[in-house]
Novice: 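I have a structure here, written as structure tokens, and I will follow up with some questions on it.
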Amino acid sequence: MNILSTEFYNRDTLLVARQLLGMRLVRSYCGVRLSATITETEAYIGETDLACHARSGRTARTQVMYGVPGRAYVYFNYGLHWMLNTVTQAEGFPAAVLIRAAQVQEGQEVVALRRAKVKCSDWTNGPAKLTQAFAIDGSQNNADLTNARDGLWIEEVSVISDVNVTIAARVGLNNVPEPWKSMPWRFFCNQET
DNA sequence: AGCACGATTAACT
DNA sequence: GTTAATCGTGCTC
């Protein structure tokens, strides 16, 4: 196993979002190893990106995005849902990659209990579904993803070739003005299984 | 202090 | 396709 390092995250956010496809998100939960292959990501880049939380500048909520790359930015949305991001680019520049979907590999028994009411194909095919399945919430905000100490990290597994990747506009940005609403900053693997 | 709304989900019709 | 659930955040008064 090869845990992605600070150098991986300290690069252009679009490159990180693209290359996170195929990587394995790992969670150490109650002594059990949960893992899932990342299949969908979105990039949020800087204060000028009006879809990015950093559009409001540095606040208590957004400070993690301004911090060192390779940390988790976990935020609460719609009064119910937690979203997992990885902080990218140099310290001081606010950017992150939202992990939108993944395919469970290890720990299926645990995930099956946590996602008991839905069929397995719906376990982790959305950003808040993923955090529910992996028991990720605000206590993981600013967790260090570059080692196993905080129980959450990403391992390099395989590289997904371009023919298997679709690039499209980000989703859920109803009130965001153009051109930000339509920027092709979403990356996902073509074949769902 | 009050308000509108959100990087969604699941359960409806 | 439509909508309730549910509350932190940032903005206005």
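Labels below follow one simple rule: chain letters A, B, ... track the order of the sequence lines, proteins then strands, and each chain is numbered from 1.
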Novice: Hey, mind stepping through A/Ser56 and A/Thr59 against side-chain hydrogen bond (donor to acceptor under 3.5 Å, both in side chains) and telling me if it holds?
Specialist: CA-CA 8 Å; A/Ser56 306; A/Thr59 67; over 6 Å; no
Novice: Could you tell me whether A/Arg114 sits above the aromatic face of A/Phe134, with NZ or CZ closer than 6.0 angstrom to the six-membered ring centre and within 45 degrees of the axis?
Specialist: no
Novice: Over how many whole Å does the gap from A/Gln63 atom CD to C/dG10 atom P extend?
Specialist: 11 Å
Novice: Would you kindly give the CG-to-P distance between A/Leu80 and C/dA5, to the nearest whole Å?
Specialist: 10 Å
Novice: Classify the nucleic acid contact of A/Arg186 as base, sugar-phosphate or nothing, counting any heavy atom under 4.0 Å across all strands shown.
Specialist: nothing
Novice: Rounded to whole angstroms, how far apart are NE2 on A/His81 and P on C/dT9?
Specialist: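 It works out to 16 Å between those atoms.
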Novice: When you look at A/Arg18 and A/Asp162, which way does the salt bridge (Lys or Arg N to Asp or Glu O under 4.0 Å) test go after all the steps?
Specialist: CA-CA 9 Å; A/Arg18 166 65 180 83; A/Asp162 285 342; 2.7 Å; yes
Novice: So, is A/Lys181 close to the B/dA7 phosphate, meaning a side-chain N or O under 4.0 Å from OP1 or OP2?
Specialist: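 No, A/Lys181 has no side-chain N/O under 4.0 Å of OP1/OP2 on B/dA7.
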Novice: What does A/Ala128 touch in the nucleic acid at a heavy-atom separation under 4.0 angstrom: a base, only the sugar-phosphate, or nothing?
Specialist: sugar-phosphate
Novice: How long is the line joining CH2 of A/Trp180 and P of B/dG6, in whole Å?
Specialist: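 Atom CH2 in A/Trp180 sits about 18 Å away from atom P in B/dG6.
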Novice: Could you tell me whether the phosphate oxygens of C/dG10, OP1 or OP2, come under 4.0 Å of any side-chain nitrogen or oxygen in A/Arg55?
Specialist: no
Novice: Which residue lies toward the 5' end of DNA chain B, A/Lys117 or A/Val171, if each is placed at its nearest nucleotide?
Specialist: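 Counting from the 5' end, the first nearest nucleotide belongs to A/Val171.
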Novice: Whole angstrom is fine here: how far is it from NE2 in A/His53 over to P in B/dG6?
Specialist: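 Value for this atom pair: 10 Å.
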Novice: May I ask you to verify whether the side chain of A/Tyr78 and the base of C/dA5 hold a donor-acceptor pair under 3.5 Å?
Specialist: no
Novice: Check whether A/Gln89 reaches the backbone of A/Pro69 with its side chain - one donor and one acceptor, N or O, closer than 3.5 Å.
Specialist: no
Novice: Which dot-bracket notation, 5' to 3', represents the base pairing of DNA chain B when pairs are defined as Watson-Crick or G-U with both distances under 3.5 Å, crossing pairs as [ ], and inter-strand pairs as |?
Specialist: ||||||.|||||.
Novice: Given salt bridge (Lys or Arg N to Asp or Glu O under 4.0 Å), test A/Glu155 with A/Arg24 step by step and report yes or no.
Specialist: CA-CA 5 Å; A/Glu155 296 173 2; A/Arg24 183 159 299 169; 5.6 Å; no
Novice: Rounding to a whole Å, what distance do you find between A/Trp82:CH2 and B/dA7:P?
Specialist: 15 Å
Novice: Considering only the C1' atoms, how many Å lie between C/dT3 and B/dC5, rounded to the nearest integer?
Specialist: 16 Å
Novice: Identify whether any heavy atom of A/Leu173 sits under 4.0 Å from a base atom; if not, whether one sits that close to sugar-phosphate; answer base, sugar-phosphate or nothing.
Specialist: sugar-phosphate
Novice: OP1, OP2 of B/dG6 versus side-chain N and O of A/Asn175: anything below 4.0 Å?
Specialist: yes
Novice: Could you tell me whether a side-chain N or O of A/Thr124 sits under 3.5 Å from a main-chain N or O of A/Ala102, the two making a donor and an acceptor?
Specialist: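 Yes: the side chain of A/Thr124 pairs with the backbone of A/Ala102.
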Novice: Just checking A/Tyr44: base, sugar-phosphate only, or nothing, at a heavy-atom cut-off of under 4.0 Å?
Specialist: base
Novice: Closer than 4.0 Å, any side-chain N/O of A/Ser56 to the OP1 or OP2 of C/dG10?
Specialist: no
Novice: I'd like to know whether A/Arg33 forms a salt bridge (Lys or Arg N to Asp or Glu O under 4.0 Å) with A/Glu106, so could you lay out the CA-CA distance, the side-chain angles of the two residues, the decisive distance to 0.1 Å, and finally the verdict.
Specialist: CA-CA 7 Å; A/Arg33 180 182 155 106; A/Glu106 298 165 273; 2.9 Å; yes
Novice: Provide, to the nearest angstrom, the distance between the CD atom belonging to A/Gln132 and the C1' atom belonging to B/dT8.
Specialist: 10 Å
Novice: Could you tell me how the ring of A/His53 sits relative to the ring of A/Tyr73: parallel (under 30°), tilted (30 to 60°) or perpendicular (over 60°)?
Specialist: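 Aromatic pair A/His53/A/Tyr73 classed perpendicular.
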Novice: Grab the CG-P distance between A/Leu98 and B/dT8 for me, whole Å please.
Specialist: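 From A/Leu98 CG to B/dT8 P: 7 Å.
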Novice: Between A/Arg61 and C/dC7, is there a side-chain N or O to OP1/OP2 distance below 4.0 Å?
Specialist: no
